[in-house]
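Letters A, B, ... are given to chains in the order of the sequence lines, protein chains preceding strands, and every chain is numbered from 1. All values below come from the heavy atoms of this structure, side chains included, with hydrogens, waters and symmetry mates left out.
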Amino acid sequence: MKYQAPKGVSEYFPPRSRAFEWVRDTLITQIKRSGYQLLELPIFEDTELFTRGVGASTDVVSKEMYTFADRGGRSITLRPEGTVGALRCVIEHGLDRGSLPAKVWYSGPFFRAERPQAGRYRQFYSVGVEAVGSDDPALDAEVIAIAHAGFRALGLKEFRLEITSLGDSQTRAAHRFDLMEYIDGLQLDGATTARAQLNPLRLFDDKREEIRALMAKAPLILDYLSDSSREHFAAVQGYLRNLGIEFTINPRMVRGLDYYTGTTFEFIHDSLGAQSGIGGGGRYDGLLEQIGGQPLSGIGFGLGVDRALLAVEAEGVLDESAFCPDLFLIPLGAPAKARALMVSHKLREHNFTVEIAFGDRQLKAAMKAADKSGARYVVIIGDSELSSGRVELKEMRTGATTSVTLASLVEALSTALSNQ
RNA sequence: GUGGGCGUAGCUCAGCUGGUAGAGCAUUCGGUUGUGGUCCGAAAUGUCGCGGGUUCGAGCCCCGUCGUUCACCCCA
């Protein structure tokens with residue numbers, strides 16, 4: 001095999017691509033129901049946008065970006081995440097100067113130069129939302145509820161929601177000071193110390209038991225929340241309870257991007273291996289200003305389409321029949337083929353999904369193809385059907401047939417499908 | 001970037017202590033006239049990842065390399 005896809009990319013092809021499409025579109029449908037509007041964004045941006053927005057000290061920026069010089073010598077980076085690009089667009093086109101909050105969504109590929117692993121790809125797909133210009137805790141609850149509704153709409157049951165609050169900048173500074181002091185008192189190896197210096201919160205996320213034990217008594221940011229942050233977080237929790245959305249508070253939650261403040265959340269699915277996060281997000285108080293916008297707060301999330309698909313497959317909740325054609329047409333002979341094309345054209349105008357058997361194959365082979373397509377009904381058109389104007393509408397599951405006229409096929413199929 | 005597993009037909013894999021490749025599924029055709037699913041029969045498909053080495057002889061042993069996968073790191 002001479003060519004293959006670049007290392008670690010997720011690509012989708014039949015039959016799995018239809019499940020991928022369904023997962024993505026289902027998530028998007030939930031988002032649109034809350035009035036979020038589409039942002040169709042570039043997948044590359046000026047490198048500086050990410051270094052300033054995401055934070056130069058993050059792993060994502062420091063070692064996982066696909067960065068290159070374009071022909072004009074500009075430093076360009078394939079987007080490793082969606083929020084800063086979306087906010088750049090919001091700011092550039094003044095959406096933050098209209099009615100607030102500005103609510104937008106986007107979807108597409110993202111790129112990180114990581115070592116591939118189960119559920120982790122160098123090109124992966126997300127759908128995300130951003131709501132800019134309101135610090136109402138009800139907005140936090142709505143954003144979380146949208147993601148929750150999306151996963152429920154996929155039929156998922158075995159996922160968890162974890163939330164926490166990272167507080168405001170004063171909260172974070174005070175906590176960081178004490179946390180650093182605590183960590184300084186620990187015996188850590190060089191690499192771990194270096195990680196701690198970059199972002200001390202990272203140690204909360206360490207998978208090694210000995211580190212977990214050492215961190216068990218570390219100061220937690222929730223204990224440092226300012227009054228306003230605590231009230232905000234309490235309000236968010238209250239709204240979520242009212243909505244019947246279950247969650248646990250994880251005071252040790254760590255996000256990989258530096259811009260999060262206040263409410264922060266993650267959706268976790270436990271049957272996906274090491275990469276268990278299927279979505280996450282949070283509030284970002286200084287980010288807009290950081291990349292040249294107004295001092296407005298915002299909140300958003302990113303949902304992993306690849307991982308959501310893996311979760312759907314792990315739970316076995318995919319309904320394959322939803323993707324199958326309504327009707328499979330089998331023409332026998334040249335005149336029948338011409339007629340079949342016309343019939344299929346008309347049926348498709350009435351929103352039916354119709355396939356035709358191509359290639360002059362024998363009836364038996366065509367029937368096998370119809371069976372494999374999963375079509376609910378089959379119609380054979382041959383010389384006798386052309387002369388009589390009547391066809392047998394065959395239901396594949398039961399084998400039952402109904403005699404109908406070719407002219408009334410639209411109505412007959414409509415009736416048959418609605419009776420199921 | 002670090003570590004482990006694995007690279008044999010389109011897919012999943014078997015292949016003994018080295019003797020020039022096999023199964024199941026999938027594909028196509030057939031089991032007499034225009035009806036699928038089950039069953040039966042047949043056909044087609046491989047530079048055994050690549051390069052080197054050892055050997056009379058390598059899918060199997062050795063070295064290298066690439067790919068892939070899982071985990072660490074990190075995250076969707």
For [N], give its Watson-Crick or G-U wobble partner with both distances under 3.5 Å, or none.
N     : answer
B/U65 : B/G49
B/C73 : none
B/U27 : B/A43
B/C16 : none
B/A9  : none

Find the distance [X]:[atom1] to [N]:[atom2] and express it as a whole number of Å.
X      : N     : atom1 : atom2 : result
A/D371 : B/G37 : CG    : C1'   : 5 Å
A/E114 : B/A76 : CD    : P     : 9 Å
A/L363 : B/G34 : CG    : P     : 7 Å
A/I380 : B/U33 : CD1   : P     : 14 Å
A/I31  : B/A76 : CD1   : P     : 15 Å
A/R307 : B/A76 : CZ    : C1'   : 5 Å
A/M396 : B/U38 : CE    : P     : 12 Å
A/I330 : B/G36 : CD1   : P     : 10 Å

Nearest 0.5 Å, what's the OG1-CH2 distance between A/T29 and A/W22?
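So the OG1 of A/T29 and the CH2 of A/W22 are separated by 10.5 Å.
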Using 0.5 Å steps for rounding, measure from the CG atom of A/D135 to the OG1 atom of A/T263.
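So the gap between those two atoms works out to 10.0 Å.
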So which pairs with a foot in residues 201-225 of chain A pass ring-ring contact (aromatic ring centres under 6.0 Å, His included), sequence neighbours left out?
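ring-ring contact (aromatic ring centres under 6.0 Å, His included) check on residues 201-225 of chain A returns A/H175-A/Y224.
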Determine the interatomic distance between [atom1] on [N] and the same-named atom on [M]; round to the nearest Å.
N     : M     : atom1 : result
B/G59 : B/C72 : C1'   : 33 Å
B/G49 : B/A14 : P     : 13 Å
B/G19 : B/A71 : C1'   : 40 Å
B/G10 : B/A26 : C1'   : 7 Å
B/U69 : B/G30 : C1'   : 41 Å
B/A21 : B/U65 : C1'   : 25 Å
B/G22 : B/A44 : P     : 13 Å
B/C63 : B/U55 : C1'   : 16 Å

Do any of [range] sit with a heavy atom less than 4.0 Å from RNA chain B, and if so which?
range                       : answer
residues 44-65 of chain A   : A/D59, A/K63, A/E64
residues 116-123 of chain A : A/Q117, A/A118, A/G119, A/R120, A/Y121
residues 9-26 of chain A    : none

If you look at every strand shown and take non-hydrogen atoms under 4.0 Å, does [X] touch a base, only sugar-phosphate, or nothing?
X      : answer
A/G399 : base
A/R112 : base
A/G382 : base

Donor-acceptor pair between [X] and [Y] side chains, under 3.5 angstrom:
X      : Y      : value
A/R172 : A/T261 : no
A/D306 : A/Y12  : yes
A/E315 : A/H269 : yes

Whether the side chain of [X] engages the backbone of [Y] through a donor-acceptor N/O pair (distance < 3.5 Å, no angle test) should be reported.
X      : Y      : answer
A/S388 : A/R390 : yes
A/S414 : A/V410 : no
A/R122 : A/E114 : yes

Candidate list A/D140, A/L240, A/I245, A/T264, test side-chain contact (heavy atoms from CB on, under 4.5 Å), partner A/I163, passing option:
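Only match with A/I163 under side-chain contact (heavy atoms from CB on, under 4.5 Å): A/L240.
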Would you give me the side-chain donor-acceptor pairs under 3.5 Å for residues 246-253 of chain A, sequence neighbours excluded?
residue, atom, partner, partner atom, Å
A/N250, OD1, A/R252, N, 2.9
A/N250, OD1, A/M253, N, 3.4
A/N250, ND2, A/E162, OE1, 2.8
A/R252, NH1, A/M215, O, 3.2
A/R252, NH2, A/A216, O, 3.0

[X]: which residues meet the side-chain contact (heavy atoms from CB on, under 4.5 Å) condition with it, sequence neighbours left out?
X      : result
A/L341 : A/I356
A/T83  : A/E81, A/L87, A/Y106, A/E130, A/Y259, A/Y284, A/L287
A/Q37  : none
A/E48  : A/T51, A/R52

Hey, which of these two, A/L272 or A/E392, hits RNA chain B nearer its 5' end, going by closest nucleotide?
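Upstream on the strand: A/E392.
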Upstream residue (5' side of RNA chain B) when A/A274 and A/F267 are each assigned their closest nucleotide:
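The 5'-side residue here is A/A274.
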Atom pairs under 3.5 Å, N or O on each side, protein against nucleotides 27-32 of chain B: can you list them with distances?
residue, atom, partner, partner atom, Å
B/U27, OP1, A/K372, NZ, 2.7
B/U28, OP1, A/R361, NH1, 2.9
B/G30, OP1, A/Q362, NE2, 3.1
B/G31, O6, A/K364, NZ, 3.2

Are A/Y125 and B/A76 stacked, counting the six-membered base ring, centres under 5.5 Å, planes under 30°?
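By the stated criterion, A/Y125 and B/A76 do not stack.
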Write out a two-atom table: protein N or O, nucleotide N or O from nucleotides 64-68 of chain B, distance below 3.5 Å.
residue, atom, partner, partner atom, Å
B/U68, OP2, A/K7, NZ, 3.1

Crowding at CG, A/D383 (>12 non-hydrogen neighbours, <6.0 Å):
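Incorrect, the count does not exceed 12.
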I want to check a possible cation-pi pair here: A/R79 against A/F110, using under 6.0 Å from ring centre and within 45° of the ring axis as the test.
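Relative to the ring axis of A/F110, which defines the angle, A/R79 lies inside both limits.
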Compute the ring centroids of A/F328 and A/Y377, then answer whether they are less than 6.0 Å apart.
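No - the distance between ring centres of A/F328 and A/Y377 does not fall below the 6.0 Å cut-off.
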Between side-chain atoms of residues 357-370 of chain A and protein atoms elsewhere (two or more places apart, or another chain), which donor-acceptor pairs fall under 3.5 Å?
residue, atom, partner, partner atom, Å
A/D360, OD1, A/K337, NZ, 3.1

